[in-house]
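Structure, as structure tokens:
Start at 1 with the first residue, then count along the sequence. Read the numbers this way: they start at 1 and go in the same order the structure lists the ligands and their atoms.
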Amino acid sequence: MTKVAIVTGGTRGIGEAISLALKKMGYVVAANYAGNDEKARAFSERTGIDSFRWDVGDHQACLDGCAAVADRLGSVDIVVNNAGITRDGVLAKMSFDDWNEVMRINLGGCFNMAKATFDGMRQRGWGRFVNIGSVNGQAGQYGQVNYAAAKSGIHGFTKALAQEGAKYGITVNAIAPGYVDTDMVAAVPAQVLEKIVAKIPVGRLGHAGEIARGVAFLCSEEAGFVTGSTMSINGGQHM
Ligand code: NAD
């Protein structure tokens, strides 16, 4: 049976590139989204990929959403936890809500999606999780204690779940992208971005497709011996 992949936040930016890369590999893809229905519909018409709306930070919504995907497409064999937000600010200006919302979506989303899908993968003896972390979760970043903590948490979550999944044929890996040319980075002020790019040895922002190719490898049959690892795709921007 053709394997089914859910890509959270899969209708734009890095997520869109991942959805397309997995489709190209022959997987059936379900692209989750939380925002604009019209844009999601346009994405589905353009790509032939079904889109499903739910909030990954909501535990029950993940259970219902994953059940709806399995109903329509057959099963859930691969989960790419890509959905993420930023709510930047220095500590003094960061509200409790900014902290909680970033933890709820970026890190809580990975937990909720695993809770909804791990058992089915275990029963079928095969599964792939790829969690999108960040160079800023590895190195920290000024004005991002919430985002850096959530992304750093993703890297720990990945290593721990990998140990649980290994004996069931389930691999769990992370990708830590550097700065990639998407809407998320378009929100960074131009002068700040210039300084960031100056520190990237390759001398440019990454492209979404460059992250997607890493995800595609980790989701492949051939990557069965890779688990608990973090692939850094960052133009050489090491800490
Ligand atoms: P983006 O803002 O373009 O896309 C984020 C996606 O997440 C959107 O599709 C959005 O609808 C979805 N999303 C947000 N909240 C959601 C929720 N509650 N439920 C379901 N979906 C939700 O960002 P992007 O740059 O494509 O980033 C994708 C991932 O890569 C994020 O996890 C981000 O943190 C990570 N990342 C991005 C960069 C970068 O430079 N762009 C660098 C490192 C890591």
So, using side-chain contact (heavy atoms from CB on, under 4.5 Å) as the criterion, who are the partners of D55 when residues are at least two apart?
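Testing D55 for side-chain contact (heavy atoms from CB on, under 4.5 Å), a comparison that skips the adjacent residues, returns D58, R104, I105.
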Quick one: side-chain contact (heavy atoms from CB on, under 4.5 Å) partners of R87, sequence neighbours excluded?
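Listed in chain order: I85, D97, D98, E101, V102, N146.
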Distance alone, cut at 3.5 Å: any donor-acceptor contact between the side chains of T8 and N32?
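No, because no side-chain N or O of T8 sits under 3.5 Å from a partner of the opposite role on N32.
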How long is the straight-line distance from CG of L73 back to OG of S75, given to the nearest 0.5 Å?
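Atom-to-atom, S75:OG and L73:CG are 8.5 Å apart.
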Tell me, please, which residues at least two apart from D183 pass salt bridge (Lys or Arg N to Asp or Glu O under 4.0 Å).
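In terms of salt bridge (Lys or Arg N to Asp or Glu O under 4.0 Å), with neighbours along the sequence ignored, D183 is linked to R12.
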So which protein residues pack against ligand 1 under 4.0 Å, heavy atoms counted?
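Around ligand 1, where the cutoff is 4.0 Å for heavy atoms, the contacting residues are G9, R12, G13, I14, N32, A34, W54, D55, V56, N82, A83, G84, I85, I105, I132, G133, S134, Y147, K151, P177, G178, Y179, V180, T182, D183, M184, V185.
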In terms of relative ring orientation, are Y27 and W126 parallel, tilted or perpendicular, with 30° and 60° separating the classes?
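It falls in the tilted class, 30° to 60°.
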